[in-house]
There are 2 protein chains.
Amino acid sequence: MKNRIRIERAILNITQADLADRVQVSRQTINAIEAGKYSPTLALGMKIAQQFEKTVNEVFELEEGD
Amino acid sequence: MKNRIRIERAILNITQADLADRVQVSRQTINAIEAGKYSPTLALGMKIAQQFEKTVNEVFELEEGD
DNA sequence: AACTAATGTAAAATATAGTTTACATTTTAT
DNA sequence: ATAAAATGTAAACTATATTTTACATTAGTT
């Protein structure tokens, strides 16, 4: 699962901890998702995209093996 | 988490088992997600939307408490 | 009415997402 | 160069998604 979280965060100028607060998860969860370590739940993926005012498909992309 | 899976399945005229096969999960998983019993992983949500040639946001919608 | 396909559901087990605490490393600001 | 903020990471734990097996109910056929 690829994603543009780092870029979108940079645009909003917010930290991983800020984003974590906004979508109500731990900072480590954002860090892991941003690093592509695992696929979040759909609900979380949607909340993250929502923060960036983007669609899920604009923020996340499936890759081989997902 | 609300979704339009039943409707989109009807348009494609495929069963829950068909969809399950296509996205490589069990039929019960599709049944539970379609019934809104839980939020799938983002990867699965994206695969399901992909089958319908729709975006995730067109197929799934966040609701209070998600 | 009988038969079959499709759907609903449940319990136990496994896999994976997400938390918490804690510390190390890197980046940014002073 | 130093301090502070941000990020990376790890282990143990909890929560939840998904599987498997199995059976009950509903819808559609013949």
Side-chain angles (χ1 to χ4, degrees):
Chain A
M1 179 73 66
K2 275 175 61 178
N3 71 80
R4 291 172 43 88
I5 295 176
R6 175 156 313 210
I7 293 162
E8 299 296 336
R9 268 199 313 109
I11 292 171
L12 286 192
N13 193 33
I14 61 176
T15 70
Q16 291 181 345
D18 291 335
L19 179 56
D21 277 349
R22 293 195 190 190
V23 300
Q24 315 250 60
V25 294
S26 71
R27 176 181 70 80
Q28 286 79 349
T29 294
I30 296 297
N31 184 279
I33 291 166
E34 184 170 316
K37 294 194 181 164
Y38 51 66
S39 173
T41 54
L42 179 55
L44 179 51
M46 292 183 78
K47 285 184 207 163
I48 290 172
Q50 200 173 63
Q51 290 299 318
F52 300 145
E53 295 177 4
K54 291 270 158 69
T55 67
V56 168
N57 293 274
E58 285 168 340
V59 178
F60 296 94
E61 187 180 354
L62 280 176
E63 33 182 14
E64 300 287 329
D66 276 331
Chain B
M1 180 72 68
K2 277 175 60 179
N3 72 79
R4 292 174 40 89
I5 295 176
R6 175 155 314 205
I7 293 162
E8 298 297 336
R9 265 200 315 107
I11 292 171
L12 286 192
N13 193 34
I14 61 175
T15 71
Q16 291 181 345
D18 290 336
L19 179 56
D21 277 349
R22 292 196 191 189
V23 300
Q24 315 250 60
V25 294
S26 72
R27 177 182 69 79
Q28 287 79 348
T29 293
I30 297 297
N31 184 278
I33 291 166
E34 184 170 315
K37 294 193 181 167
Y38 51 66
S39 173
T41 53
L42 179 55
L44 179 51
M46 292 184 78
K47 284 184 208 163
I48 290 172
Q50 199 173 63
Q51 289 301 317
F52 300 144
E53 296 177 2
K54 291 270 158 67
T55 67
V56 168
N57 293 273
E58 285 169 340
V59 177
F60 297 92
E61 186 181 353
L62 280 176
E63 31 181 16
E64 299 288 328
D66 276 333

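In what follows, chains carry the letters A, B, and so on, assigned in the order in which the sequence lines appear, proteins first and then strands, with residues in each chain numbered from 1.
- S39(A) and T41(B) get closest at one heavy-atom pair: OG-CB, 4.1 Å.
- Look at R4(A) and E61(A) and you find no salt bridge, because none of the NZ, NE, NH1 or NH2 atoms lies under 4.0 Å from a carboxylate O.
- Protein atom CG of D18(B) is 13 Å distant from nucleotide atom C1' of dT7(C), rounded to whole Å.
- Taking atom CD1 on I33(B) and atom P on dA17(D), their separation rounds to 9 Å, with Å as the unit.
- Side-chain contact check for N3(B) versus E8(B): every heavy-atom pair is 4.5 Å or farther apart.
- Under a 3.5 Å cut-off, the side chain of R27(B) and the backbone N or O of A20(B) do not form any donor-acceptor pair.
- Across every non-hydrogen atom of Q51(B) and L12(B), the tightest pair is O-CD1, 3.6 Å.
- Take the nearest nucleotide of DNA chain C for A35(B) and for T41(B): the residue whose nucleotide is more 5' is A35(B).
- In this structure, E34(A) atom CD and dG18(C) atom P are separated by 15 Å, rounded to whole Å.
- Rounded to an integer number of Å, the gap from N13(B) CG to dG28(D) P is 12 Å.
- Remark: C1' of dA17(D) and NZ of K47(B) are 13 Å apart, rounded to the nearest angstrom.
- Atom CD of E53(B) is surrounded by 12 or fewer heavy atoms from other residues, nucleotides or ligands within 6.0 Å.
- Distances shown here put every side-chain N or O of R9(B) at or beyond 4.0 Å from the OP1 or OP2 atom of dA6(C).
- An OP1 or OP2 oxygen of dG8(C) is reached within less than 4.0 angstrom by a side-chain nitrogen or oxygen of N31(B).
- Rounded to an integer number of Å, the gap from CG of N3(A) to C1' of dA17(C) is 16 Å.
- The main-chain N or O of Q28(B) is never found under 3.5 Å from a side-chain atom of N31(B) such that the two would form a donor-acceptor pair.
- In this structure, K37(B) does not reach the dA17(D) phosphate: none of its side-chain N or O atoms is under 4.0 Å from OP1 or OP2.
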Can you give one letter per nucleotide of nucleotides 19-30 of chain C, going 5' to 3': B for a protein heavy atom under 4.0 Å from the base, S for sugar-phosphate only, - for none? BBBB--------

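- Atom CG in L12(B) sits roughly 15 Å away from atom P in dA6(C) (whole-Å rounding).
- Distances shown here put every side-chain N or O of R6(A) at or beyond 4.0 Å from the OP1 or OP2 atom of dA6(D).
- With rounding to whole Å, L19(B) atom CG is found 14 Å from dT7(C) atom C1'.
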